[in-house]
Number of protein chains: 2
Amino acid sequence: MRDRILKAATHLFAKQGFDGTSLSEIASAVEIKKPSLLYHFRSKAELRVAVLASMLDHFKAVLPELLAAAASQEQLASVLRALVGFFRADRDRARLLLREALDRPEELRGLVHEHVTPWVRMVEERIRQGQADGSIHAHADPAAYCVHAIQLVVGGLASADSLGVLLDDDPEAAEARLTEELLRMLHRGLYRPGAEGERPPGGE
Amino acid sequence: MRDRILKAATHLFAKQGFDGTSLSEIASAVEIKKPSLLYHFRSKAELRVAVLASMLDHFKAVLPELLAAAASQEQLASVLRALVGFFRADRDRARLLLREALDRPEELRGLVHEHVTPWVRMVEERIRQGQADGSIHAHADPAAYCVHAIQLVVGGLASADSLGVLLDDDPEAAEARLTEELLRMLHRGLYRPGAEGERPPGGE
DNA sequence: CCTACCGATCGGTAGG
DNA sequence: CCTACCGATCGGTAGG
């Protein structure tokens, strides 16, 4: 039951926000009453923390894959693919993260510093190597680039519903085009043309 | 008084969300009582619509500048600068827009279609011209590129507080670096090197 | 896991 | 612009 509650809460918090979701609403989604829910989670605040922690656990599960991609001689595109894959597997994740960024920036800052910084540092290092061997633009700001890449993946998936209309295409096709263009942009923004191992992800 | 209420509501909605802000809170911010507030705006929903409309009015005021930049032979970078300028002038705008994207995607879709589509179409046209004369990468998806550019500007400013820690710099310096790298990335993601008029915004 | 209930606060109204 | 007040709903507790 605990897992069912977590899942329902994750979905509702992502969709309506923490303040826009009542405990009764979550309880009724898993077919129990509010006091029963409060037996599993002592307070709404505790439930919120648990929802975040469960998403973080899922993230940690794909971390090894991410780090391996960043450390190996593979393209950075594979790191991005892993990241996109994580958020596309469950759209609630992107929405939830964005809401936290808006509602509790200080708190998210701590989580980012603790869980995201390590692998971003590795990616930064890869970028600097690329700059040293001339395959990556010398004026790129590695850390700032990573911030924008994350922003693009997380924010793009969370707000695709609204901004997608600009593509004038059916939702599925729009998402496919957006993802492809995202990978292309991020590749072009980093790699110098003609340099070694710079095949763009979409094939160009 | 109406304007004072609007300003306070804009700030609080941006900071805490619509559901996370009470009418009493807004009223006390402008030193009146809740019933007095409800004389100026008949309901909380009406206040929300008015807040959005006032932001849209400000946006319309810079639209001519934006369209002129898009239509002229100037670089697309100037359009981006105008866009970044609009959101940097008041950070609440980015936060508010992102919240609407999360809370009421269908409604924002309508606003985007009505107010954003026209000038995006112009930018798209400029991109296609660039592709025709070879200055812009042939495989770029003009519409998808615009979506990501908007996403980057709006989302980046709204979530800079959380993601900024990755830069390990003081807030001001971090924001400056982020903006510069954003313009560099968007430029590199579009223009082919060596082509006419492709000076990058930051100077490279 | 439930029913019954708590005080607090919500958006909104009456009436001046 | 205010005081006084409304019903509804909120998060949470008691007690079984």
Side-chain angles (χ1 to χ4, degrees), chain A residues 1-55 92 95-97 99-108 111, chain B residues 1-55 92 95-108:
Chain A
M1 175 52 69
R2 227 178 161 268
D3 283 350
R4 282 185 65 199
I5 295 173
L6 268 180
K7 198 179 162 188
T10 300
H11 182 65
L12 288 168
F13 287 165
K15 189 178 162 195
Q16 309 172 348
F18 182 75
D19 290 319
T21 306
S22 69
L23 291 179
S24 317
E25 212 174 346
I26 300 168
S28 94
V30 294
E31 292 163 305
I32 59 174
K33 302 293 180 184
K34 184 180 55 172
S36 309
L37 191 157
L38 284 164
Y39 163 77
H40 293 283
F41 300 90
R42 307 182 87 87
S43 71
K44 197 186 181 185
E46 187 177 308
L47 178 55
R48 204 202 97 240
V49 170
V51 161
L52 237 62
S54 100
M55 190 181 66
D92 288 337
R95 288 191 234 272
L96 213 58
L97 220 57
R99 285 193 184 279
E100 285 297 307
L102 290 166
D103 290 342
R104 274 164 287 269
E106 355 51 60
E107 201 175 320
L108 188 58
L111 288 177
Chain B
M1 175 51 67
R2 227 178 161 267
D3 282 350
R4 282 186 65 200
I5 295 173
L6 268 180
K7 198 179 164 189
T10 300
H11 182 63
L12 288 168
F13 286 166
K15 188 178 163 195
Q16 309 172 347
F18 183 75
D19 290 319
T21 305
S22 70
L23 292 180
S24 317
E25 213 173 345
I26 300 167
S28 94
V30 294
E31 292 163 304
I32 58 173
K33 302 293 179 185
K34 185 178 57 171
S36 309
L37 191 157
L38 285 163
Y39 163 76
H40 294 283
F41 300 91
R42 307 182 87 83
S43 70
K44 196 185 181 185
E46 187 178 307
L47 178 55
R48 204 201 97 243
V49 170
V51 162
L52 238 60
S54 100
M55 190 181 64
D92 288 338
R95 289 191 234 272
L96 212 58
L97 220 57
L98 218 55
R99 286 196 185 275
E100 284 297 307
L102 289 166
D103 290 343
R104 275 164 288 270
E106 353 55 58
E107 202 175 319
L108 187 59

Output all residues satisfying side-chain contact (heavy atoms from CB on, under 4.5 Å) with Thr21(A), sequence neighbours left out; order by chain, then residue number.
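Counting only residues at least two positions away or on another chain, Thr21(A) forms a side-chain contact (heavy atoms from CB on, under 4.5 Å) with Leu12(A), Phe13(A), Gln16(A), Glu25(A), Ile26(A).
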How would you list, by chain and number, every residue that makes a side-chain contact (heavy atoms from CB on, under 4.5 Å) with Ser28(B), sequence neighbours excluded?
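Scan of Ser28(B) (side-chain contact (heavy atoms from CB on, under 4.5 Å), adjacent residues dropped) gives none.
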Distance under 6.0 Å and angle within 45° of ring axis: Arg104(B) vs Phe18(B):
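Satisfied, under 6.0 Å and within 45°.
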DNA chain C: 5'-most and 3'-most nucleotides touching chain A, 4.0 angstrom heavy-atom criterion:
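Both ends considered, the range comes out as dC1(C) to dA4(C).
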Between Glu100(A) and Arg95(A), does at least one N-O distance fall below 4.0 Å, as a salt bridge requires?
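Answer for the salt bridge query: no.
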Do Arg99(B) and Asp103(A) sit within salt-bridge range, that is, some charged N less than 4.0 Å from a carboxylate O?
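Salt bridge flag = yes for Asp103(A) with Arg99(B).
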Tell me, do Asp92(B) and Lys7(B) make a side-chain contact under 4.5 Å, heavy atoms counted?
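They are not in side-chain contact.
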Side chains of Leu47(B) and Leu38(B): does their closest heavy-atom pair fall under 4.5 Å?
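No, too far: nothing below the 4.5 Å cut-off.
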For Asp19(B) versus Gly20(A), what's the shortest heavy-atom pair and its separation?
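That closest heavy-atom pairing would be OD2-CA, 3.4 Å.
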Contact list for DNA chain D against residues 1-26 of chain B - heavy-atom distance below 4.0 Å:
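Residues of residues 1-26 of chain B that come under 4.0 Å of DNA chain D are, in numerical order, Met1(B).
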Ignoring hydrogens and geometry, is there a side-chain-to-backbone donor-acceptor pair from Ser36(B) to Ile32(B) under 3.5 Å?
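No; judged by distance alone, with no hydrogens or angles, the pair does not exist.
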Pairing residues for Arg2(A) by the salt bridge (charged side-chain N to carboxylate O under 4.0 Å, His left out) criterion, not counting sequence neighbours:
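Residues passing salt bridge (charged side-chain N to carboxylate O under 4.0 Å, His left out) with Arg2(A): none at all.
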What stems, by residue range, does DNA chain D take part in, given at least 3 consecutive Watson-Crick or G-U pairs under 3.5 Å?
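DNA chain D forms these stems: C:1-16 with D:1-16.
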